[in-house]
Chemist: 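Supplied in structure tokens, the structure appears directly below.
All values below were derived from every heavy atom in this structure, side-chain atoms included, with hydrogens, water molecules and symmetry-related copies excluded. Note on naming: letters A, B, ... go to the chains in the order of the sequence lines (proteins, then strands), and numbering restarts at 1 for each one.
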Amino acid sequence: MNITATLNADITPAGSDYETVRRVIEMITEDYRDQPSLDDLAARLRQPPTQLQKTFTRWAGLSPKAFLQAITLDHAKRLLRHEDMPLLETSFEIGLSGPGRLHDLFVTHEAMSPGEWKARGAGLTIRYGFHVSPFGQALVMATDRGLAGLAFADDGDEQACLDDMTCRWPNATYVRDDEATAPYAARIFDPERWHPEEPLRIVLIGSDFQIRVWEALLRIPLGQAVTYSDIAGQLGQPTASRAVGAAVGRNPISFVVPCHRALGKSGALTGYHWGLTRKRAMLGWEAGKA
DNA sequence: GGGAGTGGTCGTA
DNA sequence: TACGACCACTCCC
């Protein structure tokens with residue numbers, strides 16, 4: 001059975017649907033103060049309102065109007081409010097030593113040794129493939145130890161996206177193998193397939209500091225967010241928020257390591273390596289699943 | 001809103 | 001090694 005085809009049919013709109021959704025998100029983002037109506041949005045996209053509503057809701061799990069509310073600053077601030085649940089601290093106690101089961105995708109992770117990191121991927125074979133995802137073309141990269149990379153590209157930008165990822169581990173051997181990476185894509189973007197009994201294996205390749213930051217991100221549950229300074233504080237270096245931002249920005253397994261759940265202290269989305277629109281898309285999509 | 005301070009990383013010498 | 005530039009930040013005026 002063709003997993004990609006199943007994925008398309010099940011949860012992922014065709015590529016052009018992401019384009020539609022992306023444009024809706026952009027319009028909502030630019031004009032959210034005017035609270036654009038469904039009719040306004042549909043008119044600008046030259047689509048019937050009912051069809052747009054259907055496409056968008058199928059993709060996000062919530063209507064354009066609900067989505068509009070989900071990506072406003074107020075909502076972001078609510079995600080950040082954790083006085084009744086000191087997120088990172090409690091997660092820390094539950095167990096750093098064991099596999100990172102706290103992640104909603106049920107991830108077990110291992111880190112590359114410092115030696116392997118210094119070798120910049122030498123001796124490592126990385127299989128990669130492009131797959132349709134709710135957030136555009138997804139570049140999936142895997143070693144035999146598990147998922148090592150996940151990146152996103154708009155149509156036509158696949159090569160730039162691949163270059164961006166391969167230059168991180170320039171000495172690795174890269175093999176295009178869509179068949180090997182398709183099961184990862186199928187699973188990652190379908191919450192129905194997130195099961196604790198079959199954790200997703202991921203491999204973190206990065207510096208010591210980066211890995212500590214990425215592990216902190218893995219402890220943020222679906223529908224929650226933390227600030228860069230929260231993470232810095234949790235690492236015992238409360239003034240290192242800017243360094244945390246830089247490390248978050250180097251996250252090689254976008255979405256799975258939920259870097260989109262890191263926000264500025266004001267609740268503003270600040271930046272995202274694969275585009276702010278995509279960060280909004282992820283938060284909105286999660287708002288529909290949480 | 002903008003300037004200063006921040007800590008990790010990377011390129012260069 | 002050492003230094004400077006670069007950052008998905010934050011604080012303070």
Chemist: Extract from the structure each pairing of a protein N or O with an N or O of nucleotides 10-13 of chain B at less than 3.5 Å, listing the distance.
Modeler:
none

Chemist: Under the salt bridge (Lys or Arg N to Asp or Glu O under 4.0 Å) definition, can you give me all pairs with a residue in residues 251-270 of chain A, not counting sequence neighbours?
Modeler: A:Asp104-A:Arg261, A:Arg261-A:Glu286
Chemist: Tell me which pairs pass side chain to side chain donor-acceptor pair (under 3.5 Å) where either residue lies in residues 114-124 of chain A, with sequence neighbours left out.
Modeler: A:Ser113-A:Glu116, A:Glu116-A:Arg145
Chemist: Could I get the full list of side chain to side chain donor-acceptor pair (under 3.5 Å) partners for A:Arg168, not counting sequence neighbours?
Modeler: A:Asp164
Chemist: Could you go through the side-chain hydrogen bond (donor to acceptor under 3.5 Å, both in side chains) check for A:Gln137 and A:His131 one step at a time?
Modeler: CA-CA 6 Å; A:Gln137 285 291 309; A:His131 305 280; over 6 Å; no
Chemist: Taking only residues two or more places apart in sequence, or in another chain, which ones meet A:Ala180 in a side-chain contact (heavy atoms from CB on, under 4.5 Å)?
Modeler: A:Arg127, A:Asp177
Chemist: May I ask you to say what A:Ala240 touches in the nucleic acid, namely base, sugar-phosphate or nothing, with a heavy-atom cut-off under 4.0 Å?
Modeler: sugar-phosphate
Chemist: Under the side chain to side chain donor-acceptor pair (under 3.5 Å) rule, what pairs show up with a residue in residues 247-257 of chain A, not counting sequence neighbours?
Modeler: A:Ser254-A:Tyr272
Chemist: What is the separation between atom CG on A:Asp208 and atom C1' on B:dT9, rounded to the nearest whole Å?
Modeler: 13 Å
Chemist: Any side-chain N or O of A:Gln237 less than 4.0 Å from the OP1 or OP2 oxygen of B:dG8?
Modeler: yes
Chemist: Can you list everything that forms a side-chain contact (heavy atoms from CB on, under 4.5 Å) with A:Glu192? Sequence neighbours excluded, please.
Modeler: A:Asp190
Chemist: Who pairs with A:Phe56 by ring pair (Phe, Tyr, Trp, His ring centres under 6.0 Å), at least two apart in sequence or on another chain?
Modeler: A:Trp59, A:Phe67
Chemist: Pick out the pairs of N or O atoms, protein on one side and nucleotides 9-12 of chain C on the other, that lie under 3.5 Å.
Modeler:
{"residue": "C:dC9", "atom": "N4", "partner": "A:Arg242", "partner atom": "NH1", "Å": "2.5"}
{"residue": "C:dT10", "atom": "OP1", "partner": "A:Tyr228", "partner atom": "N", "Å": "3.4"}
{"residue": "C:dT10", "atom": "OP1", "partner": "A:Ser229", "partner atom": "N", "Å": "3.0"}
{"residue": "C:dT10", "atom": "OP1", "partner": "A:Ser229", "partner atom": "OG", "Å": "3.4"}
{"residue": "C:dT10", "atom": "OP2", "partner": "A:Lys265", "partner atom": "N", "Å": "3.0"}
{"residue": "C:dC11", "atom": "OP1", "partner": "A:Lys265", "partner atom": "NZ", "Å": "2.9"}

Chemist: Pairs under 3.5 angstrom only: tabulate donor-acceptor contacts from the side chains of residues 203-211 of chain A to other protein residues two or more places apart or in another chain.
Modeler:
{"residue": "A:Ser207", "atom": "OG", "partner": "A:Gln210", "partner atom": "N", "Å": "3.3"}
{"residue": "A:Ser207", "atom": "OG", "partner": "A:Gln210", "partner atom": "OE1", "Å": "3.4"}
{"residue": "A:Gln210", "atom": "OE1", "partner": "A:Ser207", "partner atom": "N", "Å": "2.9"}

Chemist: Between atom CD1 in A:Ile211 and atom P in B:dT9, what is the gap in whole Å?
Modeler: 10 Å
Chemist: Let me check I have this right: for DNA chain B, each base becomes ., (, ), [, ] or |, based on Watson-Crick or G-U pairs with both distances under 3.5 Å. What is the full string?
Modeler: |||||.|||||||
Chemist: Let me know the distance between OH of A:Tyr272 and P of C:dA8, rounded to the nearest Å.
Modeler: 13 Å
Chemist: Applying side chain to side chain donor-acceptor pair (under 3.5 Å), name anything that partners A:Gln159, two or more places apart in sequence or on another chain.
Modeler: A:Asp163
Chemist: Separation of A:Arg168 atom CZ from B:dT9 atom C1', in whole Å?
Modeler: 13 Å
Chemist: I want to know whether A:Phe135 and A:Phe255 have ring centres closer than 6.0 Å.
Modeler: yes
